[in-house]
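Just below is one structure, and these are the notes that go with it.
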Amino acid sequence: MSDSMNRLHPLSAVTYALQHGFVWLWIPVTLLLVLAGVFDPIRAGWIPFVAPIGFLAGVAYGVVYYYRFGYAVTSDTVDVSSGVVARRSREIPYRRIQNVDIKQGVIQRVLGLAVVSIETAGGGDSEATLNFVGEAEATRLQREIRRRTADSRERRRSRDEQTTESEATTDASELADTGPSGESPSSPVRTPDPESSSPSAGPEPGEPGEPGEPDEPSDTGTDEFSEQRRHPLFALQSRELLLYSFTSVRAAAVAGVMFVFFLATDSIFDYLLTVAEPVGGPADLGSGTVGSYGVLTLVSLLNAIGVTYLLSVAYTFGTYYDFQLGRVGEDFVYERGLLQRYSGSIPSEKVQSVTITDNPLQRLIGYAGLWVETAGYGPDSNGGSQSAVPLARRERVHTFTENLTGVETPTFQRPPPLARRRYLARYSLLAGLIVLVAFGITQVTIFDRWYLAAVVFLAVPPAAHLRYVHLGYYVGDDHIVIRRGFWKRQTTVIPYYRIQTVSTRRSVFQRRLGLASLVIDTASSRTMTRSAPRIYDIELADARETHQTSRKRLQTALRERAAADDPGVSVDFT
């Protein structure tokens with residue numbers, strides 16, 4: 001742990017003091033209310049006297065916490081020390097650091113402050129958070145840690161290459177001395193190419209990890225290094241930002257509709273009725289007629305959809321305002337945000353797959369987005385999925401994907417028509433469940449026309465057709481491409497060397513129809529709402545053939561990468 005620790009910005013002391021003060025003031029208040037119910041002499045009227053005591057205690061704790069918090073960037077680790085009563089000291093090696101992110105809310109931008117989050121691979125929470133530092137300090141920390149992380153990767157690769165070459169040279173020398181039967185061999189033994197894997201061949205001048213450079217560069221050198229290495233790749237234009245905002249539907253819209261249907265109370269319905277009167281709502285709720293409640297429900301539903309949709313548009317606009325994607329060394333870096341400015345990174349070596357996404361509205365106007373899946377994630381990476389291109393012309397996104405992954409233009413194979421029958425049956429059961437739920441609602445509410453819910457059966461055939469036509473897969477030489485989705489279509493490109501497991505799965509219904517699904521699992525993180533890419537409902541023979549082909553090409557890809565890293569070593573995966 002470093003002896004010279006840096007402190008946070010002085011305004012952090014004010015923040016921590018107020019934060020802990022408002023939390024701690026409830027401790028004596030709660031205690032007083034509990035005791036007042038047990039002992040008669042104690043009165044709730046004492047609250048104005050005890051609340052300031054808790055507030056002042058919390059303020060004192062926050063100030064002490066500020067002075068006990070320190071951080072330092074050393075040659076090998078990022079050190080963070082915190083805690084008032086129980087001290088916690090962390091040393092974060094650069095090899096484990098994945099992202100160094102900067103956040104700025106509106107007030108923080110006015111005050112010139114920023115939050116720096118240091119994220120490591122494989123965790124859902126930040127390893128360390130500096131809350132707050134100055135803007136200049138945040139930028140310096142981000143650049144310095146990124147530079148040292150790149151240096152650490154280069155040194156690790158160099159050590160691996162030297163170790164592998166040393167072992168190969170030792171083995172070759174032993175064979176040259178003894179030969180297969182104790183004699184010198186008649187043919188030379190293959191050794192590493194000195195020009196391609198020489199241990200003395202370091203990075204080019206100006207690259208990270210250059211031999212002979214001092215370990216601690218000056219601030220000026222760090223800034224010049226970062227600016228020289230930053231290459232712009234994509235910027236979200238104003239037209240694209242508006243299209244993305246108006247064609248994206250957030251989960252809040254669905255939550256609003258569910259609120260109206262299941263959580264709204266009579267008081268809320270009365271309020272919605274008052275709001276709905278100017279736009280044609282029933283003027284007299286007291287009549288209690290089914291028609292009045294029906295009109296109220298319809299108007300309230302439309303209002304809820306409209307309001308939540310506008311909130312979704314505003315949220316998307318504010319989140320992806322001024323989105324810019326660039327490249328610094330081997331990492332992708334991006335900035336975005338209107339009210340809260342966010343600066344993050346996508347380590348290229350952590351990228352497991354890329355996915356092109358579009359919904360019906362975006363497909364109608366010829367637009368799509370591009371997301372990347374990474375191994376390990378932080379709290380702002382959406383469970384491992386991060387946006388590289390929020391929205392752009394479909395041709396532009398496809399070109400960007402081809403340049404990023406080197407994938408060839410795929411020719412998709414679809415599941416057999418038998419699969420469409422399965423989707424018809426599945427969606428028919430879902431529609432029947434909706435009608436059953438509607439019937440149950442009529443038993444506990446004033447509504448009685450449950451049979452109107454049967455209109456959902458009209459959507460079953462087109463839904464099954466869309467589900468079927470959006471499925472496809474392509475088994476290429478270097479990549480496997482999977483297309484899936486109903487409302488939001490996803491086309492995922494996975495390099496073979498990123499595959500962790502390939503598994504064939506069959507449900508009871510699939511076994512009866514002779515179908516199977518193939519799951520392609522990578523090291524990207526999963527969440528409850530996102531699973532591994534899957535080739536759905538293909539014939540069993542095709543699934544087994546694709547399974548074997550993927551395994552073979554995975555081994556071939558690993559051999560090629562091992563040979564590229566060390567041409568003198570032969571790798572056998574059999």
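Since the model is a prediction, treat every value here as computed from it, not as a measurement.
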Verify, without hydrogens or angle tests, whether R109 (side chain) and G105 (backbone) share a donor-acceptor contact under 3.5 angstrom.
no
Throw together a table of side-chain donor-acceptor distances under 3.5 angstrom for residues 472-482, partners on residues two or more places apart or in other chains.
residue: Y474; atom: OH; partner: E408; partner atom: OE2; Å: 3.4
residue: H479; atom: NE2; partner: T405; partner atom: O; Å: 3.0

So how far is it from I356 CD1 to T491 OG1, rounded to the nearest 0.5 Å?
6.0 Å
Has the side chain of Q352 got a donor or acceptor atom that lies under 3.5 Å from a matching backbone atom of K350?
yes
Taking all non-hydrogen atoms of both residues, which atom of I92 and which atom of A128 are closest, and how far apart?
CD1-CB, 4.0 Å
For R421, I'd like to know if atom CZ has over 12 heavy atoms of other residues, nucleotides or ligands within 6.0 Å.
no
Donor-acceptor under 3.5 Å (N359 side chain, T247 main chain)
yes
Please work out whether the ring planes of F439 and W450 are parallel, tilted or perpendicular, with thresholds of 30° and 60°.
perpendicular
Validation: residues 451-468 side-chain donor-acceptor distances under 3.5 Å, sequence neighbours left out:
residue: H465; atom: ND1; partner: R420; partner atom: NH1; Å: 3.1
residue: Y468; atom: OH; partner: P415; partner atom: O; Å: 2.7

Please determine which of Q510, R506, R534 meets the side chain to side chain donor-acceptor pair (under 3.5 Å) test together with S517.
Q510
Residues that Q490 engages under side chain to side chain contact (heavy atoms under 4.5 Å, CB included), provided they are two or more places apart:
T355, T357, R484
Main chain of D358, side chain of R363: is a donor-acceptor contact present, judged purely on distance under 3.5 Å?
yes
Going by atom type alone, with no hydrogens or angles, which donor-acceptor pairs under 3.5 Å involve a side-chain atom of residues 234-241 and a protein atom two or more places apart or on another chain?
residue: R239; atom: NE; partner: Y367; partner atom: OH; Å: 3.4
residue: E240; atom: OE1; partner: Q237; partner atom: N; Å: 3.1
residue: E240; atom: OE2; partner: R396; partner atom: NH1; Å: 3.1

D331 with R146: basic N within carboxylate O range, under 4.0 Å:
no
Would you kindly check if the NZ (Lys) or CZ (Arg) of R336 is within the cone defined by 45 degrees around the ring axis of F323 and under 6.0 Å from the six-membered ring centre?
no
Are side-chain N/O atoms of Q340 and Q108 paired as donor and acceptor at under 3.5 Å?
no
Which residue pairs satisfy the side-chain hydrogen bond (donor to acceptor under 3.5 Å, both in side chains) criterion with at least one member in residues 540-554, sequence neighbours excluded?
T504-H547
To the nearest 0.5 angstrom, please state how far the CG atom of D101 sits from the OG atom of S117.
6.0 Å
List for me each residue that meets side chain to side chain contact (heavy atoms under 4.5 Å, CB included) alongside L111, sequence neighbours excluded, and say none if there are none.
L11, I107, L113
Interatomic distance, E373 atom CD to I494 atom CD1 [nearest 0.5 angstrom]
9.0 Å
Neighbour count >12 (heavy atoms, 6.0 Å) for atom OH, Y321
no
Any idea which heavy atoms bring P533 and T492 closest together, and the distance?
CG-CG2, 4.1 Å
Quick check for you: to the nearest 0.5 Å, what is the distance between Q104 atom CD and S343 atom OG?
9.0 Å
Between the OH atom in Y320 and the OG atom in S245, the distance rounded to the nearest 0.5 Å is 10.5 Å
Testing L370, L404, V407 for side-chain contact (heavy atoms from CB on, under 4.5 Å) with V493, which one passes?
V407
